[in-house]
Asker: 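Got a structure for you, written out below as structure tokens; questions coming shortly.
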Amino acid sequence: MSSIPQNSPSLSCLELCKSTREMKQLQALTMKTRPIQIQLLYSKIMSAGDFSSPESLSYARSIVKHVESPDIVIYNALIKGFSGFNEKSSSFEAMALFKEMMMKGLVPDTYTLPYVLKACAQCQSLSHGEQVHGHSIKTGLSSSVYIVNTLMRLYAVCGIIVSVRKVFDYSSHRDLVSWTTLIQALVKMGHAREAINVFFQMCRENLIADQRTMVIVLSACARLGDLSLGTQIHRYMHDNIVDYDVFVGNALVDMYLKCGHATSARKVFGEMPVRNVVSWNSLISGLAQQGQFKEALDVFYDMQTIGLKPDSFTLVAVLNACANLGILELGKWIHAYMDKNHIPSDGFIGNALVDMYSKCGSIEEAFKVFQGMKCRDVYSYTAMIVGLAMHGEAERALQIFSLMPQAGVKPDEVTFVGVLSACSHAGLVEEGRQHFQDMSKVYNLKPQTEHYGCMVDLLGRAGLIREAEEFILQMPIEPDAFVWGALLGACRIHTKVELGETVMGKLMDIEPGRDGAYILMSNIYSSANRWKDALKMRKIMKERNLKKTPGCSSIEVDGIVHEFQKGDNSHPRNIEIRMLLEQMALQLHNYGHFDSTVLPV
DNA sequence: GTAGGGTTAG
């Protein structure tokens, strides 16, 4: 390059270029004249840093093909450029360039390797990454802390925690980024407790965390749902004067909610000097996860009021709240909003939509969304199957299930809860048995108590009480209240007093403080005309002051949500509602329906 | 010119 005279006309023209387009024109001219100037031109393009689009990068790459001997600076710049896009083809290009430079005998430096490792990480290309790792050891570059950290990152995204740990343990230089990357990798792989231990170890080595470390540590606390730990970390931030930024604030809001402390979450949220859409999403979805659906919607309305545009995370959380409150109107509004803003009903949001429609009683709308989805994953299928089962459409639920293998979607444990409950509702004993068997034999899934409970329910409803009992005795895991409860339910339907009493004993051992079993048992006695015993059950419940599971329901009429709790008479139109309920119960009674749960209180 | 951050479903 030094051979080019400083007064070269093309160089001075180059100084005047203001855009890639102008440089392209100049390049067309120079290409024909002196090849060496292409390299100069190219260096200029590099320093202009116009790599905002893959197109401009490809263009730069195409120029390099004309350069006789590109140097390491050019390769580094190109590899950096291609590794800067979160796209597989770009990452592959970066890796190809790395190979190319090696073939040309150029020796990568401490800048090259982090760039190319970033590309490997982006497309989770472990084999390429391992080659680069090997290369770094051979050339002695592996002592560079940047290379150590990008190697750890690579193994972390590939999910190989052992290798992350190895690189960390064997490296002579570690900095805050190394520790943070290790902590992050552990959290990601579900070892949150260990991540926290590593954080404390880091503190013992007198390193002070910064915001990025704190965000990850807080996410570990959130995963653990450990409030006292989370609070301790919050205090650490105060003591070490770790400044809040919006990321830290969001992580705190999320942590407090996942630890079940909505008050602190709201306090942090309220004190945040800057909030973004993620802050709002954390609060809304966190409240919904805590079962505070109405509160979640109130926050959503506040967000609307300040004019902040919801994103797909917001919409998923709001749909979740709608589903649980049965607010079809708002759910439909969200759907319309999506259409208007060209948000496709795919992925998380499509699944949330299916769930919302089916829980709000619009099973056909749910089906429409499900059918219109471009890609369906196990969540989509499960939501649809569970929804159909809930609506008593067992045949259709099982039909959807049968489509899963050909779609290449593997059912999981929750899918089978849907499948088995569909069989149970439809009384499909043989089919249920088959699916239960397939669960472990074909799909290699371990049945959990929910699945055993479904089977007991299935057998029990069908009157196969003895078999249901044996089924429980043969369980490889400890039966819980769900399983015994299913058997007690069967005893109620088929008036099995003696067995009911035995099961009742088991349930009292497991869940002595719950009222459900007493109510069922009392109903069993009533069915057997043993009124005295039935009354005794109710009396015991009162005496022991049992924790009542509050029966709760809600309905939305003209945009207003009306919530009802068991024994709650606070609704302004309570009297009218009670009268209507009584009439309905009477009519049901006249039609031969004697279920005590619908009789007037 | 190099590395580490938060929120979503059945």
Side-chain angles (χ1 to χ4, degrees), chain A residues 46-47 49 72-74 76-81 83-84 108-118 121 141 144-154 156 174-185 187 209-219 222 245-255 257-258 275-286 288-289 310-320 323 346-356 358-359 366 370 376-387 389-390 411-418:
Chain A
M46 290 290 144
S47 63
I72 185 155
V73 179
I74 287 178
N76 281 356
L78 269 183
I79 295 171
K80 178 191 179 187
S83 68
D109 62 12
T110 50
Y111 292 105
T112 324
L113 298 194
Y115 293 142
V116 70
L117 283 169
K118 187 182 174 191
L141 289 175
S144 151
V145 72
Y146 282 95
I147 294 173
V148 165
N149 295 343
T150 38
L151 274 170
M152 287 175 67
R153 176 85 184 153
L154 165 82
R174 294 172 198 148
D175 62 6
L176 187 60
V177 179
S178 326
W179 285 91
T180 309
T181 308
L182 175 60
I183 295 169
Q184 156 86 306
V187 177
D210 67 3
Q211 284 106 325
R212 289 180 172 219
T213 316
M214 287 332 301
V215 163
I216 292 163
V217 172
L218 285 169
S219 80
D245 64 7
V246 70
F247 285 91
V248 174
N250 295 345
L252 274 169
V253 169
D254 179 55
M255 180 277 289
L257 281 161
K258 294 229 167 85
R275 297 179 200 107
N276 60 13
V277 67
V278 181
S279 325
W280 289 87
N281 292 347
S282 301
L283 188 55
I284 297 171
S285 65
Q289 279 159 10
D311 67 5
S312 60
F313 283 79
T314 327
L315 300 181
V316 168
V318 173
L319 285 171
N320 177 18
D346 271 309
F348 272 90
I349 195 156
N351 297 341
L353 213 48
V354 170
D355 184 51
M356 181 278 294
S358 77
K359 287 220 175 86
F370 176 79
R376 300 179 195 96
D377 60 11
V378 63
Y379 289 92
S380 331
Y381 279 96
T382 306
M384 198 64 247
I385 291 167
V386 170
M390 265 185 338
D412 67 8
E413 286 87 351
V414 189
T415 320
F416 274 99
V417 173

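Each chain gets a letter, A, B and so on, in the order the sequences are listed, and its residues count up from 1.
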Asker: When you measure from the side chain of A:D175, which nucleotide among B:dT7, B:dA3, B:dG10 comes out closest?
Answerer: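 Among B:dT7, B:dA3, B:dG10, the one nearest the side chain of A:D175 is B:dA3.
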
Asker: Kindly write out the residues that satisfy side chain to side chain donor-acceptor pair (under 3.5 Å) with A:T314, not counting sequence neighbours, or none if the list is empty.
Answerer: A:N281, A:D311

Asker: Please enumerate all residues that pass ring-ring contact (aromatic ring centres under 6.0 Å, His included) together with A:Y115, with sequence neighbours excluded.
Answerer: none

Asker: Examine B:dG4: is either OP1 or OP2 under 4.0 Å from a nitrogen or oxygen in the side chain of A:R153? Give yes or no.
Answerer: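 A:R153 to B:dG4 OP1/OP2: side-chain N or O found under 4.0 Å.
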
Asker: Does the side chain of A:I72 reach to within under 4.5 Å of the side chain of A:T112, using non-hydrogen atoms?
Answerer: yes

Asker: Could you tell me how far apart A:F313 (CZ) and B:dT7 (C1') are, to the nearest whole angstrom?
Answerer: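 About 5 Å, once rounded to whole Å.
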
Asker: Take the protein atom CG of A:L315 and the nucleotide atom C1' of B:dT7, then report the distance between them rounded to whole Å.
Answerer: 13 Å

Asker: Can you tell me the distance, in whole Å, between the CG atom of A:L154 and the P atom of B:dA3?
Answerer: 14 Å

Asker: Just by distance, with hydrogens left out, do A:T110 and A:S144 show a side-chain donor and acceptor under 3.5 Å apart?
Answerer: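 Per modelled atom types, A:T110 and A:S144 side chains form no pair under 3.5 Å.
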
Asker: When we call it a touch if two heavy atoms are under 4.0 Å apart, what does A:Q211 touch: a base, just sugar-phosphate, or nothing?
Answerer: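 Base: the residue A:Q211, judged by heavy atoms under 4.0 Å, touches a nucleobase.
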
Asker: Counting distance alone, no hydrogens or angles: does the base of B:dG5 have a donor or acceptor under 3.5 Å from a partner atom on the side chain of A:D245?
Answerer: yes

Asker: If you look at every strand shown and take non-hydrogen atoms under 4.0 Å, does A:D311 touch a base, only sugar-phosphate, or nothing?
Answerer: nothing

Asker: How long is the line joining CD1 of A:I284 and C1' of B:dA9, in whole Å?
Answerer: 16 Å

Asker: Taking the six-membered ring for Trp, does A:Y111 stack with B:dG1 (centroid gap under 5.5 Å, planes within less than 30°)?
Answerer: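 The ring of A:Y111 is stacked on B:dG1.
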
Asker: Could you tell me the separation between the CD1 atom of A:I74 and the P atom of B:dG1, rounded to a whole number of Å?
Answerer: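 Checked: the CD1 to P distance equals 17 Å.
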
Asker: Would you mind telling me which of B:dG10, B:dT7, B:dA3 lies closest to the side-chain atoms of A:T150?
Answerer: B:dA3

Asker: Output the rounded distance in Å from CG (A:N351) to C1' (B:dT8).
Answerer: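 From A:N351 CG to B:dT8 C1': 10 Å.
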
Asker: Does A:T180 make a side-chain donor-acceptor contact with the base of B:dG4, cut-off 3.5 Å?
Answerer: yes

Asker: If the cut-off is 4.0 Å, is A:K258 near the phosphate of B:dT8, judged by side-chain N/O to OP1 or OP2?
Answerer: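 The answer is yes; a side-chain N or O of A:K258 sits under 4.0 Å from OP1 or OP2.
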
Asker: Would you indicate what A:V417 reaches in the nucleic acid, counting non-hydrogen atoms under 4.0 angstrom: base, sugar-phosphate, or nothing?
Answerer: nothing

Asker: When the distance from CG of A:L353 to C1' of B:dG10 is rounded to whole Å, what number comes out?
Answerer: 14 Å

Asker: Which part of the nucleic acid does A:D355 contact within heavy-atom distance under 4.0 Å: base, sugar-phosphate only, or nothing?
Answerer: sugar-phosphate

Asker: If you look at every strand shown and take non-hydrogen atoms under 4.0 Å, does A:Q289 touch a base, only sugar-phosphate, or nothing?
Answerer: sugar-phosphate

Asker: Remember a base hit wins even if backbone is also touched, and classify A:S178 as base, sugar-phosphate or nothing at under 4.0 Å, heavy atoms.
Answerer: nothing

Asker: Choosing from B:dG10, B:dT7, B:dG1, which nucleotide comes nearest the side chain of A:T415?
Answerer: B:dG10

Asker: So, do A:F247 and B:dG5 meet the stacking rule of ring centres under 5.5 Å and planes under 30°?
Answerer: yes

Asker: Nearest to the side chain of A:V215, which nucleotide is it out of B:dG10, B:dG5, B:dT8?
Answerer: B:dG5

Asker: Quick check, does A:Y146 stack with B:dA3? I mean ring centres under 5.5 Å and planes off by under 30°.
Answerer: no

Asker: Categorize A:T110 for me: base, sugar-phosphate, or nothing, with a 4.0 angstrom heavy-atom threshold over every strand shown.
Answerer: base

Asker: Assess whether side chain to side chain donor-acceptor pair (under 3.5 Å) is satisfied between A:N351 and A:D377, documenting all intermediate values.
Answerer: CA-CA 9 Å; A:N351 297 341; A:D377 60 11; 3.3 Å; yes

Asker: Within the structure shown, what part of the strands sits under 4.0 Å from A:V253 by heavy-atom distance: base, sugar-phosphate, or nothing?
Answerer: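 Result for A:V253 = nothing.
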
Asker: The side chain of A:Q184 lies closest to which of these nucleotides: B:dG10, B:dT2, B:dG5?
Answerer: B:dG5

Asker: Separation of A:I349 atom CD1 from B:dA9 atom P, in whole Å?
Answerer: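 Distance check: A:I349 CD1 to B:dA9 P gives 12 Å.
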
Asker: Please pick, from B:dG1, B:dA3, B:dT7, the nucleotide with the shortest atom-to-atom distance to any side-chain atom of A:N149.
Answerer: B:dA3

Asker: Could you tell me whether the side chains of A:N149 and A:S178 share a donor-acceptor contact shorter than 3.5 Å?
Answerer: yes

Asker: When the aromatic ring centroids of A:F370 and A:Y381 are compared, is their separation below 6.0 Å?
Answerer: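 They qualify: ring centres under 6.0 Å apart.
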
